[in-house]
Amino acid sequence: MKRSADLPMDIRPVVAMSNEYPSGYVDPMHSHARAQLSLAKSGALSFTMNDASYLLPSNRAIWIPAGMPHSARFRGKVVGLTAYIEPDVSGSLGRPKIFAASPLVRALIEEVTTFEHAYDVDGREGRVVQLLLEEIARAPEATMRVPMPHDSRLRRVCDAILADPSIASDLDDCAQVAGMGRRTFTRLFKQQLGMGLATWRQQVRIMEAVSLLSAGLSITTVAFEVGYESASAFTAMFHRTVGAPPSSYQRH
C-alpha cells in the first residue's frame, strides 16, 4: 500500500494518490499537517475522531481538517482516492464534513491522482485542482455520524461496539467494562453523548448496515451481522429510523 509519507508534500499545494486497502485493515489514530479529502471508489470505511465516528460508503467523500487526529477502519476491500491539501488553500472549513461525491467530484479527484507531483499550477492541472476545491466547498453535507465520548472509560465501551456492532452486551456488561456502577455509567453516557446506550448502539448498527449494504451484502446477512435475529426485525427498525428501506442502500 502507498502511504501519505511517500508523497512529496512540499512540492505543490495539493497532492493526491489512489490506493487499495485489504478488508479489515485499520489505520490507527494519526494526523496530517494538511487537510485530507478521501473518497472510496468501492467498498466502505469509517473514520473515528475525538468526538465522533463517521461512515464513508462508496457514494460519499470526507473532508478532515489539517491537524485533526483520526483513525480509519476498512470494511471490505476498498479502493480509495485521497488528496492532501495545504491549509492556506483549503479554505475556512475547520471541521469534518461528509458530502455526496457527485460524478464531477469523483472525476476531479481521480484526475488529480494522475498528475505529476510537480504539475503546472498555472495550467490545466492547476485549474482542475481549483475546481475540485470549489466543488468541495459548495457540496451539501450528507453526514452519517455517531458522537464519541471524551471519558476514556466510556470510550473503551464505544470502541468495542464500533469494532463489532453485533455485540449483545447489556447495560450492566458495559458498565462493568467501563469500571463503573450502572447508575454512574448511565448518567455519564447520556451526559457526554446526549442519548442512552441503546439509542447510540442502534445508530452504530445503522451505520454498519449501510456500509455492508453498499458493499453488496444481502439484507438477511446484514441483519445478522449487526446483531438482529431476523431480517424482518432489522428491516422494520431500519425503515422506522432512516425513513427508507435497507434495499434503497444496496449496491445493484
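Note that these values count all heavy atoms, side chains included, but never hydrogens, waters or copies made by symmetry. Owing to the predicted nature of the structure, the values given are computational and were not obtained by experimental measurement.
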Over all heavy atoms of both residues, which pair between [X] and [Y] is shortest? Give the atoms and the distance, please.
X    : Y    : value
G67  : P69  : O-CD, 3.3 Å
F189 : C158 : CE1-SG, 3.8 Å
C174 : S169 : SG-OG, 3.6 Å
A33  : P87  : O-CG, 3.5 Å
A61  : L37  : CB-CD1, 4.2 Å
V121 : P13  : CG1-CD, 4.2 Å

Mind checking whether [X] and [Y] sit in one hydrophobic cluster, side chains of I, L, V, M, F, W, Y counted as touching below 4.5 Å?
X    : Y    : answer
F47  : V26  : no
L81  : V79  : no
V105 : F115 : yes
M29  : M68  : no
V128 : L133 : yes

Test log, rule side-chain contact (heavy atoms from CB on, under 4.5 Å), inputs L193 and V146: CA-CA 9 Å; L193 299 175; V146 291; over 6 Å; no
Residue pairs fulfilling salt bridge (Lys or Arg N to Asp or Glu O under 4.0 Å) with at least one residue in residues 102-112, sequence neighbours excluded: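 Passing the test, one end in residues 102-112: K41-E110, E111-R124.
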Would you say [X]'s side chain and [Y]'s backbone share a donor-acceptor pair under 3.5 angstrom?
X    : Y    : value
Q192 : D151 : yes
R156 : V177 : yes
R155 : N50  : yes
D164 : I161 : no
Y119 : V14  : yes

Pairwise distance [atom1]([X]) to [atom2]([Y]) - rounded to 0.5 angstrom:
X    : Y    : atom1 : atom2 : answer
R127 : D120 : CZ    : CG    : 8.5 Å
L132 : I85  : CG    : CD1   : 6.0 Å
Q176 : D170 : CD    : CG    : 10.0 Å
F224 : E229 : CZ    : CD    : 8.5 Å
S46  : L56  : OG    : CG    : 9.0 Å
E116 : T114 : CD    : OG1   : 9.0 Å

Does the side chain of [Y] come within less than 4.5 Å of [X]'s, by heavy atoms?
X    : Y    : answer
V78  : E20  : no
L188 : R153 : yes
F185 : D172 : no
M148 : M49  : no
W63  : I98  : no
I64  : I62  : yes
E225 : E208 : no
R182 : L171 : yes

Pair L154-M180, side-chain contact (heavy atoms from CB on, under 4.5 Å): steps then yes or no: CA-CA 9 Å; L154 297 182; M180 300 179 186; 4.1 Å; yes
Side-chain donor-acceptor pairs of residues 233-243 under 3.5 Å, sequence neighbours excluded:
unit_1 : atom_1 : unit_2 : atom_2 : d
T235   : OG1    : A231   : O      : 2.8
T241   : OG1    : Q202   : NE2    : 3.3
T241   : OG1    : M237   : O      : 2.9

Side chain to side chain donor-acceptor pair (under 3.5 Å) assessment of S230 paired with S232: CA-CA 5 Å; S230 71; S232 59; 3.2 Å; yes
Lys/Arg cation over aromatic Y228: R205, 6.0 Å, 45° cone: yes
Check against ring-ring contact (aromatic ring centres under 6.0 Å, His included), Y25 and F74: CA-CA 5 Å; Y25 177 73; F74 296 79; 5.6 Å; yes
H30 and H32 aromatic ring geometry - parallel, tilted or perpendicular at 30°/60° bounds: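 Perpendicular, since the angle between the ring planes exceeds 60°.
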Over 12 foreign heavy atoms within 6.0 Å of CD, E134: yes
Residues K97, E141: salt bridge by 4.0 Å N-O rule: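 The answer is no: the pair does not qualify as a salt bridge.
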Verdict with supporting geometry, T82 and S38, side-chain contact (heavy atoms from CB on, under 4.5 Å): CA-CA 4 Å; T82 305; S38 290; 3.5 Å; yes
Chi angles and distances behind the side-chain contact (heavy atoms from CB on, under 4.5 Å) call for R34, V15: CA-CA 10 Å; R34 293 183 170 211; V15 294; 4.0 Å; yes
